[in-house]
Amino acid sequence: MLLRRWNRESDYRTLVDWWNQHDFGKVPVECLPPLGLMITDKMGNAICGGGLYVCDGTKFGFMEWVVGDPTASPKLLHKCLKILIDGLIHLAKEEGCLLLYTVTENPGLHKRYVKYHGLSKGE
């Protein structure tokens with residue numbers, strides 16, 4: 001698996017396709033953070049992606065829009081989401097963030113964030 005920075009414009013169609021398949025709705029490309037990561041296989045096929053907002057003048061980051069290809073095998077998606085989220089956490093640290101926040105109503109992501117990434121569940 002390959003981890004790379006996302007390109008909002010060229011990766012947008014893939015993200016929208018996944019959001020539609022998950023029935024998430026569509027985020028305007030202008031609202032996506034410039035910082036984000038994508039996980040691809042060796043052939044360049046995207047498997048999952050997510051973004052990181054870094055608030056200017058603060059040490060605060062917001063991880064959002066984490067989504068995966070719903071047609072990927074569950075085992076592959078699990079592995080790739082682990083790489084992605086670890087990568088976003090690392091990117092937040094590189095950007096100087098001391099606090100990383102995220103919001104999801106997806107119980108699977110809640111569990112994943114706590115169990116595999118050491119995040120704490122809040123409100």
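All residue numbers refer to positions in the sequence shown, counting from 1.
- Scanning for side chain to side chain donor-acceptor pair (under 3.5 Å) contacts around W65 gives Y53, with sequence neighbours left out.
- Here T104 contributes atom OG1 and M63 contributes atom CE; the two are 9.5 Å apart, rounded to the nearest 0.5 Å.
- L35 places a side-chain heavy atom less than 4.5 Å from the side chain of V54.
- Exactly one residue among F24, W18, W19 makes a ring pair (Phe, Tyr, Trp, His ring centres under 6.0 Å) with H22. That residue is F24.
- Every residue two or more places apart in sequence or in another chain was checked for a salt bridge (Lys or Arg N to Asp or Glu O under 4.0 Å) with D17, and none qualifies.
- In this structure, F62 and V103 have side chains that are in contact, with non-hydrogen atoms separated by less than 4.5 Å.
- Listed by first then second residue, pairs satisfying side-chain hydrogen bond (donor to acceptor under 3.5 Å, both in side chains) with a partner in residues 71-91 read D69-T71, H78-R112, K82-D86, D86-H117, H90-E94, not counting sequence neighbours.
- C31 approaches V27 most closely through the heavy-atom pair CB-CG1, 4.0 Å.
- The CD1 atom of I47 lies 11.0 Å from the CG atom of L84; values are rounded to the nearest 0.5 Å.
- Nearest heavy-atom pair, G49 versus M38, reported as atom, atom and distance to 0.1 Å: CA-SD, 3.6 Å.
- Residues L88 and F60 do not share a hydrophobic cluster, defined by chaining ILVMFWY side chains whose heavy atoms lie under 4.5 Å apart.
- The shortest side-chain heavy-atom distance between V29 and V16 does not fall under the 4.5 Å cut-off.
- Hydrophobic cluster membership differs between Y12 and L52, with clusters built from Ile, Leu, Val, Met, Phe, Trp and Tyr side chains linked at under 4.5 angstrom.
- M1 has its side chain out of reach of T40: every pair of non-hydrogen atoms, C-beta onward, lies at least 4.5 Å apart.
- A distance of 8.5 Å separates SG of C97 from NZ of K59, quoted to the nearest 0.5 Å.
- Side-chain atoms of D41 and N45 include a donor-acceptor pair closer than 3.5 Å.
- Between the side chain of R8 and the backbone N or O of L32 there is at least one donor-acceptor pair closer than 3.5 Å.
- Atom CG of L3 is separated from atom SG of C48 by 9.0 Å, given to the nearest 0.5 angstrom.
- A 4.5 Å side-chain heavy-atom check between W6 and L37 finds every atom pair outside the cut-off.
- Cluster membership check: L76 shares its hydrophobic cluster with I39, using side-chain heavy-atom separations under 4.5 Å among Ile, Leu, Val, Met, Phe, Trp and Tyr.
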Walk me through whether L100 and K93 qualify under side chain to side chain contact (heavy atoms under 4.5 Å, CB included). CA-CA 9 Å; L100 180 63; K93 289 177 183 175; over 6 Å; no
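- Considering CD1 of I85 and OH of Y113, their distance stands at 5.0 Å, rounded to 0.5 Å.
- Distance alone, capped at 3.5 Å, places no donor-acceptor pair between the T102 side chain and the E64 backbone.
- L81 contributes atom CG, which lies 7.0 Å from atom CG of L109 (distance to the nearest 0.5 angstrom).
- Among all heavy-atom pairs drawn from A72 and L77, the shortest one is CB-CB, 4.4 Å.
- With salt bridges taken as basic N to acidic carboxylate O contacts below 4.0 Å, one links D11 and R4.
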